[in-house]
Enquirer: 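Have a look at this one.
Note that this is a predicted model, so its numbers are computed, not measured. Keep in mind that the numbers below use all heavy atoms, side chains included, and drop hydrogens, waters and symmetry copies.
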Protein chains: 2
Amino acid sequence: MSQSMRIEDEIKQPNFQSEYQKAYINLVYTAGWLQLRQAAAFKEFNLTLPQYNVLRILRGQHPRPATVNLLIERMLDKTSNASRIVDKLEAKQLVTRRVCPSNRRAVDICITEAGLALLETMQPMVEQQAHGLRQLSDQEVEQLNYLLDKLRD
Amino acid sequence: MSQSMRIEDEIKQPNFQSEYQKAYINLVYTAGWLQLRQAAAFKEFNLTLPQYNVLRILRGQHPRPATVNLLIERMLDKTSNASRIVDKLEAKQLVTRRVCPSNRRAVDICITEAGLALLETMQPMVEQQAHGLRQLSDQEVEQLNYLLDKLRD
DNA sequence: GTACATTAAATGTATGTACATATATTTGCA
DNA sequence: TGCAAATATATGTACATACATTTAATGTAC
């Protein structure tokens, strides 16, 4: 990606109705751009981004189990289908799923040793990825976080 | 959405490894948040976001036709499948598709009168949506655009 | 204690994304 | 001319998203 590629050039649409319209497009585009880079890096570990995020939540709970509800609460995308993401992780033996003894409607989900080991293996790559934002100074990153939080108010 | 909902609270994850890590999460989360709001507003018009974006590009070309390649060039997500989005629009008779006479590999795609009329109908809603970013001042929106462009350099 | 609502998760369906592959057409060049 | 490479699009597959519906377990009112 070349230097100073403005959003106007990226999507070859030179005029926006407003700076607000442009910011919306810019946000969606940039998030997609980031996710694409992440997904590519994750591919060699045979994990998708949502699968990785669920694993991370489970590690945060470990050794306590998580329910599907807890996963949904903590996932970035609240409406995604946690059940089916857990399906894939279970098939890869990265998590276990068991009916919760105290509430048989719920399911206790735990990360396995293999799951923990995989996260460990991925750590250097994840840190590498974080450097992708180093185009921004510390102060600029803080400013970005401030603006995004304010935008959603 | 309540006032001053920081990303830490939104996803109930109080500590990030770095401000950079937080910015990444914040970006992806905020983009999803915006898209969810847009998608909800579009639903009553029976259009998805990508379908709407393709229609907009076609209106920009009207009355000249667009090819699938041109759509891909201008779409936010370059790897999405323009062919199949056009399929859906064609099924709703919002666009026409015809083999290009001068290059029979290519396909000429045009927005129909019904398509133009639909975009017209949606205009007030779209303007309404743009107000979603009015939490930010003009200066802040410019700053946001600057930071996002720089981030992708 | 049965009836009804609520809750937790799973399932179904339509759509979109990411990527590989296939098909048809055109171009370039030996 | 003839044939390989490039081009334009379509198709196939795995996964995820968005949302409605279903199934099972639990809670609650009467």
Enquirer: So, do Leu55(B) and Leu89(B) sit near enough that their side-chain heavy atoms are less than 4.5 Å apart?
Expert: yes

Enquirer: Under the 3.5 angstrom rule, does the side chain of Lys150(A) hit a backbone N or O of Glu140(B) as a donor-acceptor pair?
Expert: no

Enquirer: Touch check for Leu36(A), heavy atoms < 4.0 angstrom, all strands: base, sugar-phosphate only, or nothing?
Expert: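 Since only primed, P, OP1 and OP2 atoms lie under 4.0 Å of Leu36(A), the category is sugar-phosphate.
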
Enquirer: So Leu70(B) and Ile109(B), do their side chains get closer than 4.5 Å, heavy atoms only?
Expert: no

Enquirer: Do side-chain atoms of Tyr20(A) reach the backbone of Leu136(B) as a donor and acceptor pair under 3.5 angstrom?
Expert: yes

Enquirer: Run Thr48(B) and Ile85(B) through side chain to side chain contact (heavy atoms under 4.5 Å, CB included) and show every step you take.
Expert: CA-CA 10 Å; Thr48(B) 65; Ile85(B) 293 171; 6.0 Å; no

Enquirer: Under a 4.0 Å heavy-atom cut-off, which of residues 97-108 of chain A touch DNA chain C?
Expert: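 By residue number: Arg97(A), Arg105(A), Ala106(A), Val107(A).
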
Enquirer: List in numerical order all residues of residues 40-48 of chain B for which some heavy atom is under 4.0 Å away from an atom belonging to DNA chain C.
Expert: Thr48(B)

Enquirer: Examine distances only and state if a side-chain atom of Thr112(A) and a backbone atom of Leu94(A) form a donor-acceptor pair shorter than 3.5 Å.
Expert: yes

Enquirer: Would you please say whether a donor-acceptor pair under 3.5 Å links the side chains of Gln143(B) and Gln139(B)?
Expert: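 Side chains of Gln143(B) and Gln139(B): no pair found under 3.5 Å.
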
Enquirer: Considering only heavy atoms, which members of residues 81-89 of chain A lie under 4.0 Å from some atom of DNA chain C?
Expert: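 DNA chain C contact set from residues 81-89 of chain A: Asn81(A), Ser83(A), Arg84(A).
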
Enquirer: Which residue lies toward the 5' end of DNA chain D, Gly32(B) or Leu70(B), if each is placed at its nearest nucleotide?
Expert: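 The residue closer to the strand's 5' end, by nearest nucleotide, is Leu70(B).
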
